[in-house]
Amino acid sequence: MCYFHFLISILLLSIFNTSSLAAPPSYNVVSFGAKPDGRTDSTKAFLSAWANACGSPRAATIYVPPGRFFLRNVAFQGPCKNNRITIRIDGTLVAPSDYRVIGNAGNWLFFQHVDGVTLNSGILDGQGTALWACKNSGKNCPSGATSMGFSNCNNIAINGLTSLNSQMYHVVFNGCNNVKLKGVKVLASGNSPNTDGIHVQLSSDVTILNTRISTGDDCVSIGPGTSNLWIENVACGPGHGISIGSLGKDLNEAGVQNVTVKTVTFTGTQNGLRIKSWGRPSNGFARNILFRNAIMKNVQNPIIIDQNYCPDNIGCPGQVSGVKISDVTYQDVHGTSATEVAVNFDCSSKYPCSRIRLEDVKLTYKNQPAAASCSHADGSASGLVQPKGCL
Ligand SMILES: *[C@@H]1O[C@H](CO)[C@@H](O)[C@H](O)[C@H]1NC(C)=O
């Protein structure tokens, strides 16, 4: 009898130890020594929690409870032993306020070579204000750290994350495939330099949904080598708009293709829907781009293609852009322009923009139809298009 009970216990134990019924391991950063006091350096504790989750042969969770956790730059390195790591953040991660600490580190929170990471909620406080002041004063300052960077990664989901006051870019995806962002909030001052909200490059199948971005540079910037990008339901402003580019800085460059930007609102931004490339030789391109259902509220350049980008006239005088722009559609774009020219296609004289389509576009300036300006742009207009196209 006793022996029989013993056998059953062994049997039950082994079932609960190995079956999928067992809860995945959860690693609370506090149990590794993190302190929610906003001052104690919790970097090592986060790295230990990551080492455990990443080394787990099955799905694992990292838990960050409420409170403020001070972190220096942290690299969450893969590859991991499982591809189901969830990071649940109920608290705030706080960067050093002295920008010298991580200002040259590239990234504050950096995920590299990871596959299957989900981030749920949480606040990132990049404490960037002192660095912006340094940059705005014209002094020589560190370039600043991206608050959260992903490099060479697959299958990433970010739900409900808030990024405040990043030193430089807020969130960057470089060399990533299959990324889904939902309900992300980005907040920084309208005069914070280089604080792009979400930057995507060399990445495919990225989806950005239901996001509010107020920042000092592009709300979303789309770099070379981006394909199959879907952006839907984004509120942008202040900021520099949603921008494909800058493209064509390098002679050899991967192109951008199949980008959809749908149901977006721009409020008081420098640009709305922008494509820009350097005025210099390149084999880059941007094609199959759909901008659909956009509302402009007092936007300086609601629709713009600028192929003569050359900041400070360094590195391109007298040259023309090699970037080929084709099959770009603007559909159902309405609202107000803060300048007279609401539609501006300034394309490459060597490779004119081709198959630009305007459909149901109505933009006004001071309650009058705004103006359009075209150079080296071919295409067509259909439906009500105001300002009357110059294609
Ligand atoms: C374009 O990208 C979307 C995702 O944004 C994808 O569903 C679609 O299949 C892509 N189209 C092509 C032709 O690759």
- Task: Spell out, yes or no, whether I198 and F110 are grouped together once hydrophobic residues are joined by side-chain heavy atoms under 4.5 Å, including indirect joins.
- Result: no

- D41 bridged to R72 by N-O distance under 4.0 Å: yes

- Query: Looking at D327 and R287, does any basic side-chain N land under 4.0 Å from a carboxylate oxygen?
  - Reply: no

- Has R212 got more than 12 heavy atoms of other residues, nucleotides or ligands less than 6.0 Å from its CZ? no

- Query: Will you find, in the side chains of Q257 and N288, an N or O donor that is under 3.5 Å from an N or O acceptor?
  - Reply: no

- For G315, does its backbone N or O pair with a side-chain atom of R280 as donor and acceptor, under 3.5 Å? yes

- Are T40 and D37 linked by a side-chain donor-acceptor pair shorter than 3.5 Å? yes

- Would you kindly say whether N271 and N301 are connected by a side-chain donor-acceptor distance under 3.5 Å? yes

- NZ/NE/NH1/NH2 to OD/OE distance under 4.0 Å, D98 and R100: yes

- Step through it carefully: locate the ring centre of Y330, locate the ring centre of F345, and say whether they are under 6.0 Å apart. yes

- Would you please say whether a donor-acceptor pair under 3.5 Å links the side chains of N155 and D115? yes

- Pi-cation contact, F285 with K324 (under 6.0 Å, within 45°): no

- Check whether the side chains of T263 and N293 place a donor and an acceptor atom closer than 3.5 Å, and report yes or no. yes

- Test: D90 and R88 ion pair at under 4.0 Å: yes

- Item | Contact check, side chains of V220 and I213, non-hydrogen atoms, under 4.5 Å | yes

